[in-house]
Amino acid sequence: MHPQAPADPPPGLIVTRFAPSPTGHLHIGGARTALFCWAYAKRTGGRFIIRIEDTDQARSSEASARGILEDLAWLGIDWDEGPELTVRRQGKEARIGGDPRRVGPWFQSQRLDGYNAVAGDMLDRGLAYAAFDTPEQLAAMRRAAESAKQTFRYHPAPDQIPSPELQRRRIAAGEPHVVRFRAPDGPVRVTDRVLGEVRFDAGEVDDFVLRKADGFPTYHFGVVLDDQAMGVTHVLRGQEHLMNTPRHVALQHALGYRVPVFAHMPLIFNDQGAKMSKRERDQAARAAVKKAAITSPPHVPHDHPTHTGAAPALDPDAFAAWIADPKRQLDSDALDRLASAMGLALPEVSVHDFRKAGYLPEVITNFLALLGWNPGTKSDDGKDLERFDMAYLAERFDLDRLGKTNARFDRVKLASFNQATLGGMSSARFADRLRLWASTHRPDMLERLGDRFAFAAAAAQPRCKVLSDAPAVLAFALTDDDALALDPKAVAKNLAAPAGPEPGAPTGADLLPPARQQLAQLEPFAPEAIDAWAAAFVQARSVPLGKLAGALRVAVTGAAVSPGLGHTLACLGRASALRRIDRCIAHAGAHQAP
RNA sequence: GGCCCUGUCGUCUAGCCUGGUCUAGGACACCUCCCUUUCACGGAGGCGACACGGGUUCGAAUCCCGUCAGGGUCACCA
């Protein structure tokens with residue numbers, strides 16, 4: 001395949017693409033871009049392709065590329081063309097990707113011949129030239145421009161450019177060089193589906209680099225050539241790319257390529273009102289470390305589920321350097337280790353983070369779709385439609401309803417959507433989801449709960465914003481009976497105080513022994529049966545239900561707050577519940593003894 | 001700083017193109033009440049915005065201009 005061969009798509013076929021660079025996890029903003037590209041292709045019966053822009057040899061990795069593809073697939077954003085990936089869905093294997101139109105390969109590092117052919121051609125035609133400046137020279141030129149309060153632009157007059165013969169001689173001599181585009185002198189007009197006409201004055205586009213000294217194409221060169229070769233008709237991307245667009249358009253004009261339809265989407269902001277970035281996690285972690293006045297890398301506690309060994313969360317030198325330099329970033333795994341060692345919840349930024357925290361993919365895509373797009377429709381109850389699924393997007397998404405204003409990423413609202421979805425599921429479905437999440441993130445939970453897992457899931461369901469809330473909600477059931485600590489305040493309120501105002505009313509502690517005796521016989525030991533028993537128990541004794549529930553709650557959880565009594569006891573299981581009640585009775589007795 | 005984009009409740013937005021139906025609608029958050037063995041869930045209600053200034057017009061959130069504010073971008077990163 002020769003990228004310069006104009007690959008005109010079949011008339012009317014819309015082709016979109018998402019082109020991540022494999023330098024880390026999939027950013028949430030990238031996920032939105034991919035989602036909209038996907039949705040637009042689906043809506044119009046077009047093709048959605050994935051291309052991997054791995055032209056930065058130092059930062060790209062295959063593991064990252066694979067992770068990005070897996071996260072996309074997890075979100076349900078499937079590509080029609082692109083790298084092949086096999087995933088398991090509902091127990092079956094599904095294949096995503098492929099190359100039916102024969103426009104691959106999809107990794108830019110495998111397309112170098114094509115870029116070189118076009119670069120050579122441009123050199124021959126005088127559309128581009130070889131430049132021999134060293135990085136140091138360029139840096140000096142930038143400094144000079146800055147001190148002269150001028151904007152640095154690499155755009156030498158034609159007679160300043162070495163002659164073609166001289167360029168050839170120096171190249172032949174093996175001199176390191178880049179290939180630069182000879183930028184046009186006129187203004188460049190960009191037509192954008194979201195922003196309208198945007199005009200860039202003459203001179204705004206400079207002689208940017210097409211091919212780097214290492215022989216790899218720059219982003220601009222790769223994008224333009226591949227979009228042409230792959231027949232891309234619509235380029236949907238974040239507004240941060242707007243200033244790149246005149247470069248791409250100028251290149252497309254020079255090369256006689258099609259100019260795709262552009263749609264620059266509003267940015268996703270963080271709480272500080274700036275573009276959401278991975279750096280936030282570093283900042284949050286660094287702030288926490290400074291606040292805790294920690295000077296050496298902490299160890300993951302041995303009893304912590306994420307504990308992997310005796311090693312500290314990260315290398316001491318790297319840690320010190322990271323603390324000292326606010327600009328420095330830790331790799332994502334090291335950051336995760338540090339956070340879990342400190343018991344920190346870092347703000348989620350990449351899809352990977354959200355997945356780990358227990359957000360549902362269908363909620364993430366729904367929420368993301370609302371950032372920059374709006375269906376502008378009412379739902380049946382007359383309110384604005386906000387909750388919808390991928391099928392709805394595939395049917396209704398359009399460019400006209402893309403907004404122009406940057407959107408703050410409202411984590412609280414996302415959490416609310418997630419909670420609503422979690423709470424709206426059948427309890428069986430919720431249990432399945434929780435089990436799936438726990439199997440990779442908290443296998444200890446599954447082991448300890450065993451066949452009582454369904455009770456625990458039912459208890460957790462209305463109390464989880466994200467699946468990772470479950471361990472905290474169920475913490476009482478995840479500790480050893482002997483390790484349970486009784487909250488003194490809860491003991492005073494629910495066990496020691498009398499049940500009613502009348503003299504001689506029983507205290508909560510008084511209810512424990514008879515309750516324990518009856519619970520030992522109760523069948524089945526399940527939430528509904530326990531709640532029914534409790535109602536009968538208090539009716540027979542004319543005490544408020546709260547007195548019994550409070551007393552048992554403190555006895556078996558140590559705290560005044562827990563899920564409903566039936567669920568709480570059921571997810572402990574009879575043996576553990578009785579042991580805890582006994583332990584509490586002994587504890588209370590010890591206190592009352594003179 | 002140059003260039004570019006944007007400005008409706010605290011936040012995300014509907015309405016703007018095709019001025020009047022807008023005493024500006026919804027969602028999240030917040031507050032109150034109800035339900036209730038605690039927590040949570042659920043239900044009902046409430047608070048709350050057209051950045052500012054000028055025009056055009058009988059009439060402007062909607063059209064025009066300016067001011068201010070916010071953001072993006074200025075690499076042999078993508």
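Everything quoted here is computed from the prediction, not taken from an experiment. Every chain is numbered from 1 and lettered A, B, ... according to where its sequence line falls, protein lines coming before strand lines.
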Please work out if [X] contacts a base, only the sugar-phosphate, or nothing of the nucleic acid, heavy-atom cut-off 4.0 Å.
| X | value |
| --- | --- |
| A:Ala407 | sugar-phosphate |
| A:Gly273 | sugar-phosphate |
| A:Thr55 | sugar-phosphate |
| A:Gly215 | nothing |
| A:Asp531 | base |
| A:Ser416 | sugar-phosphate |
| A:Arg401 | sugar-phosphate |
| A:Glu240 | sugar-phosphate |

Counting only heavy atoms from other residues, nucleotides and ligands, does the tally under 6.0 Å from CD of A:Glu175 exceed 12?
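Counting other residues, nucleotides and ligands, CD of A:Glu175 exceeds 12 neighbours.
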Partner of [N] by Watson-Crick or G-U wobble geometry, both contacts under 3.5 Å, or none?
| N | result |
| --- | --- |
| B:U73 | B:G2 |
| B:C30 | B:G46 |
| B:G59 | none |

Nearest-angstrom distance from the residue atom CZ of A:Phe269 to C1' of B:C12:
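Rounded to whole Å, this separation is 13 Å.
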Kindly say whether, by distance alone, the side chain of A:Arg408 makes a donor-acceptor pair under 3.5 Å with the base of B:C12?
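Not at all, since no donor on one side and acceptor on the other fall under 3.5 Å apart.
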Upstream residue (5' side of RNA chain B) when A:Lys413 and A:Asn244 are each assigned their closest nucleotide:
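By nearest-heavy-atom nucleotide position, the 5'-most residue is A:Lys413.
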5' precedence on RNA chain B between A:Lys212 and A:Gly550 (nearest-nucleotide basis)
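That would be A:Gly550.
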Does B:A75 have OP1 or OP2 under 4.0 Å away from a side-chain N or O of A:Arg142?
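Result: yes.
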Looking only at side-chain atoms of A:Val178, point me to the closest of B:C41, B:G25, B:C76.
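For A:Val178, the side-chain atoms sit closest to B:C76.
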